[in-house]
Undergrad: 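Handing you a structure now.
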Amino acid sequence: QRRVHGDSAKMAKGESDAGKAANKAGKQKKKKWSKGKVREKLANAVLIDKPTYEKLLSEIAKSKLITASIISDRLKVNGSLARQCIRELKAKGLIRMVGDHHHAQMIYTRFTNA
């Protein structure tokens, strides 16, 4: 039979402590990623009603800067309806295009004689 002397026992014990420390370092809690900021869903109208149409003619037609996004924001209508509103105002001669035609963001202003 072989007996383990004090020094050998300490060395074996020291190795096991080091092994436990290494295991603890490997088992740290994983970083939890945030899901990101959740924006509230807009409930914009898909049809225009009489009060909204009146507001379009009175307020929007007199604005200095008119875009589809501004109409969508102010009248609480969706983007396609906002583009239709711009076409309506342009057909009535209440607004005019500013600068060159751009397919993504068309900029309009109120119609003035100057």
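Model, not experiment: these values are computed from the prediction.
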Undergrad: How far does CD1 of I71 sit from SG of C85, to the nearest 0.5 angstrom?
TA: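 One finds 5.5 Å between CD1 of I71 and SG of C85.
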Undergrad: One pair to check against side chain to side chain contact (heavy atoms under 4.5 Å, CB included): K92 and I95. What are the steps and the verdict?
TA: CA-CA 8 Å; K92 287 189 174 206; I95 62 173; over 6 Å; no
Undergrad: List the atom of Q105, the atom of T67, and the distance in Å for their closest heavy-atom pair.
TA: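 That closest heavy-atom pairing would be NE2-CB, 3.5 Å.
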Undergrad: Answer with yes or no whether the hydrophobic clustering places L81 together with I66; edges join I, L, V, M, F, W, Y residues whose side-chain heavy atoms lie under 4.5 Å apart.
TA: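 Yes, L81 and I66 fall within the same hydrophobic cluster.
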Undergrad: Under the side chain to side chain contact (heavy atoms under 4.5 Å, CB included) rule, collect the residues that match up with T52, sequence neighbours excluded.
TA: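 Side chain to side chain contact (heavy atoms under 4.5 Å, CB included) list for T52, sorted by chain: I48, D49, L75, V77.
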Undergrad: Within a radius of less than 6.0 Å around NZ of K37, do more than 12 heavy atoms belonging to other residues, nucleotides or ligands occur?
TA: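 Counting neighbours around NZ of K37, 12 or fewer heavy atoms of other residues, nucleotides or ligands fall under 6.0 Å, so no.
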Undergrad: Side-chain contact, heavy-atom cut-off 4.5 Å: T109 with L65?
TA: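 Side-chain contact under 4.5 Å: no.
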Undergrad: Using every non-hydrogen atom in the two residues, find where V98 and Y108 come nearest and quote the distance to one decimal.
TA: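 For V98 versus Y108, the nearest heavy atoms are CG2-C, 4.0 Å.
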Undergrad: Taking all non-hydrogen atoms of both residues into account, name the closest pair between A68 and I86 and its distance.
TA: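 So the two residues come closest at N-CD1, 3.5 Å.
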Undergrad: In terms of hydrophobic clustering (I, L, V, M, F, W, Y; side-chain heavy atoms under 4.5 Å; direct or indirect links), are I60 and M106 co-clustered?
TA: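 Yes; tracing contacts between hydrophobic side chains, which count when under 4.5 Å, links both residues.
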Undergrad: Write out all pairs satisfying side-chain hydrogen bond (donor to acceptor under 3.5 Å, both in side chains) with one or both partners inside residues 54-63, taking only residues at least two apart or from two chains.
TA: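 Checked against side-chain hydrogen bond (donor to acceptor under 3.5 Å, both in side chains) - neighbours excluded - the pairs reaching residues 54-63 are S63-R74.
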Undergrad: Specify the closest pair of heavy atoms between S72 and A82, including all atoms of both residues, with the distance to one decimal.
TA: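 Scanning both residues completely, I find the closest heavy atoms to be N-CB, 4.0 Å.
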Undergrad: Applying the 4.5 Å side-chain criterion to the ILVMFWY set and letting contacts propagate, would M97 and F111 be lumped into a single cluster?
TA: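 Looking at the clustering, F111 is in a separate group from M97.
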Undergrad: Measuring only between side-chain heavy atoms, which start at C-beta, is R96 closer than 4.5 Å to R110?
TA: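 Side chain of R96 against side chain of R110, heavy atoms only: no contact under 4.5 Å found.
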